[in-house]
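Predicted, not measured: the structure shown is a model, and the values here were computed from it.
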Amino acid sequence: MTNEKPRIGLFVTCLVDLFRPTVGFASVKLLEDAGCDVDVPMAQTCCGQPAFNSGDRADAAAIAENTIKAFEDYDYVVAPSGSCAGMLKKHYPELLKDSPMAERAEAFSAKVHELMSFLVDVLGVDTVDASHAGSVTYHDSCSGLRELKIREQPRKLLDSVKGLKLREMRDSDVCCGFGGTFCVKYPDISNKIVSEKSANIKASGAETLLAGDLGCLMNMAGKLQREGSDIKVRHVAEVLAGMDDKPAIGGGRN
């Protein structure tokens with residue numbers, strides 16, 4: 001029997017790195033509090049999802065190979081994003097199935113987890129030492145929900161946060177309209193979708209909106225701000241790690 005801590009390679013994601021580094025710090029805190037040894041490989045880049053979704057399989061495959069090489073020596077690979085985790089776990093083996101990296105891609109895929117799922121389903125975490133004085137509502141991001149079956153895990157952890165009240169919105173599992181390159185290709189459709197999401201967020205009566213994907217959060221935060229709403233927007237990891245004293249998304253420097 002060994003007492004060694006699981007070695008985690010944290011896949012930070014581009015948006016977290018460039019727009020919301022507090023999500024990365026919150027992820028590290030949650031993982032370390034759960035007994036893990038966390039490292040952030042400097043060689044990591046984008047997961048390749050924009051190229052993959054645009055049909056550029058060659059560049060997506062090259063990115064996949066680089067990512068696997070940077071992370072394959074860790075016990076687990078964890079990402080605070082359902083969409084990026086879904087890309088790493090579900091699509092890398094497909095991209096590299098006919099390459100010399102095929103077996104390594106399958107082994108890598110087996111080690112990849114989204115943050116909430118990893119804490120609850122792999123480590124068995126069911127409580128966190130955090131408090132939040134106020135009400136929140138939760139948006140189930142498409143990739144996390146549909147590719148990785150992430151729904152109850154964040155809610156289970158939020159239920160343990162002292163003072164927090166969860167107010168479920170209508171159609172929490174319906175797309176927010178972001179969809180990565182979708183919102184660029186089809187802005188009118190995207191705006192219609194996020195308008196309906198914004199209405200449901202407001203109708204919940206919650207003071208704060210939470211989700212597990214920064215792209216979705218930035219999209220919804222932008223819409224709420226344009227409509228003059230004072231609803232705060234945060235990544236769920238920030239609340240669970242007790243790091244909700246920083247400006248909300250779009251609310252200033254973090």
Side-chain angles (χ1 to χ4, degrees), residues 6-42 44-50 67 70-71 74-90 108-109 111-123 125 128 130 132 136 138-158 161 176 178 180 208-221 233-244 246 248-250 254:
R7 294 180 63 249
I8 310 300
L10 182 66
F11 188 87
V12 175
T13 84
C14 299
L15 294 182
V16 169
D17 180 35
L18 297 174
F19 294 104
R20 193 70 176 175
T22 50
V23 175
F25 298 133
S27 301
V28 171
K29 184 178 185 301
L30 288 168
L31 290 167
E32 289 183 341
D33 287 350
C36 298
D37 184 6
V38 185
D39 189 21
V40 181
M42 295 298 292
Q44 66 180 288
T45 62
C46 172
C47 68
Q49 187 174 178
T67 302
F71 281 89
Y74 293 97
D75 297 325
Y76 299 98
V77 181
V78 177
S81 163
S83 61
C84 294
M87 180 67 193
L88 302 177
K89 189 173 188 69
K90 299 293 184 178
F108 172 83
S109 169
K111 299 193 290 187
V112 172
H113 300 274
E114 183 273 342
L115 177 63
M116 297 296 108
S117 176
F118 182 69
L119 290 170
V120 175
D121 300 332
V122 179
L123 297 183
V125 176
V128 294
H132 180 85
V136 307
Y138 192 86
H139 165 71
D140 297 289
S141 300
C142 293
S143 294
L145 177 65
R146 291 166 177 81
E147 286 192 326
L148 303 177
K149 311 304 180 187
I150 299 163
R151 180 179 176 84
E152 298 306 322
Q153 299 94 326
R155 289 171 171 83
K156 183 174 186 177
L157 296 177
L158 287 170
V161 177
C176 74
F178 176 61
T208 301
L209 167 67
L210 303 178
D213 263 286
L214 189 53
C216 301
L217 287 163
M218 292 172 64
N219 184 47
M220 293 182 288
V233 181
R234 298 187 184 280
H235 192 286
V236 64
E238 295 174 308
V239 170
L240 294 175
M243 297 174 65
D244 56 355
K246 307 296 183 183
I249 294 172
N254 57 80

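- Atoms CG and CD, on D140 and E152 in that order, are 8.5 Å from each other to the nearest 0.5 Å.
- Residues V16 and G24 come closest through the heavy atom pair CG1-N, 3.5 Å.
- Put simply, the side chain of L115 reaches to within 4.5 Å of the side chain of L31, judged on heavy atoms.
- Side chain of D244 to main chain of V239: no donor-acceptor pair is present (N/O by atom type, distance under 3.5 Å, no hydrogens or angles).
- Closest approach of V236 and P154 over heavy atoms only: CG2-CB, 4.5 Å.
- With rounding to the nearest 0.5 angstrom, the OH atom of Y76 is 12.5 Å from the CZ atom of R7.
- In this structure, the side chains of P41 and Y74 come closer than 4.5 Å at one or more pairs of heavy atoms.
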- Item | side chain to side chain contact (heavy atoms under 4.5 Å, CB included) between L10 and S27, intermediate numbers included | CA-CA 8 Å; L10 182 66; S27 301; 4.2 Å; yes

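- Contact of the P6 side chain with the V122 side chain is not registered, since no non-hydrogen atoms from C-beta on lie closer than 4.5 Å.
- With rounding to the nearest 0.5 angstrom, the OG atom of S83 is 8.5 Å from the CD atom of E147.
- In this structure, S143 OG and K90 NZ are separated by 11.5 Å, a value rounded to the nearest 0.5 Å.
- H139 pairs with exactly one of D213, L210, L209 by the side chain to side chain contact (heavy atoms under 4.5 Å, CB included) rule, that one being L209.
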- Verdict with reasoning, L119 to L157, per side chain to side chain contact (heavy atoms under 4.5 Å, CB included): CA-CA 9 Å; L119 290 170; L157 296 177; 4.1 Å; yes

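- Note that CD of Q49 and OG of S81 are 7.0 Å apart. Values are rounded to the nearest 0.5 Å.
- F178 approaches C216 most closely through the heavy-atom pair CD2-N, 3.9 Å.
- Of all non-hydrogen atoms in C36 and I8, the two that sit nearest each other are CB-CG1, 3.6 Å.
- Remark: the backbone N or O of G144 is not paired with any side-chain donor or acceptor of S141 at under 3.5 angstrom.
- Using cut-offs of 30° and 60° on the angle between ring planes, the pair F118 and H113 is tilted.
- Counting heavy atoms from C-beta outward, R20 and L15 have side chains that stay 4.5 Å or more apart.
- The closest donor-acceptor contact from the side chain of Q44 to the backbone of V12 lies under 3.5 Å.
- The heavy-atom pair separating L148 from G82 by the smallest distance is CD1-O, 3.6 Å.
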- Task: Evaluate side chain to side chain contact (heavy atoms under 4.5 Å, CB included) for L158 paired with M116, printing each intermediate quantity in order.
- Result: CA-CA 11 Å; L158 287 170; M116 297 296 108; over 6 Å; no

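- Put simply, the side chain of V112 does not reach to within 4.5 Å of the side chain of F11, judged on heavy atoms.
- Contact detail for M243 and K29: the closest heavy-atom pair is SD-CD, 4.3 Å.
- Within the 4.5 Å cutoff, no side-chain heavy atoms of I249 are placed close to those of F19.
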- For D33 and V128, run side chain to side chain contact (heavy atoms under 4.5 Å, CB included): C-alpha distance rounded to whole Å, both residues' side-chain angles, the deciding distance at 0.1 Å, then the answer. CA-CA 9 Å; D33 287 350; V128 294; over 6 Å; no

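- For K111, there are no side-chain hydrogen bond (donor to acceptor under 3.5 Å, both in side chains) partners, not counting sequence neighbours.
- Here K156 does not pair with D121 in a salt bridge; the nearest charged N to carboxylate O distance is not below 4.0 Å.
- Between the R234 side chain and the K246 main chain, a donor and an acceptor come within less than 3.5 Å of each other.
- In this structure, SG in C176 is found 5.0 Å from CE in M220, a value given to the nearest 0.5 Å.
- In this structure, the side chain of H235 engages the main chain of P80 through a donor-acceptor pair within 3.5 Å.
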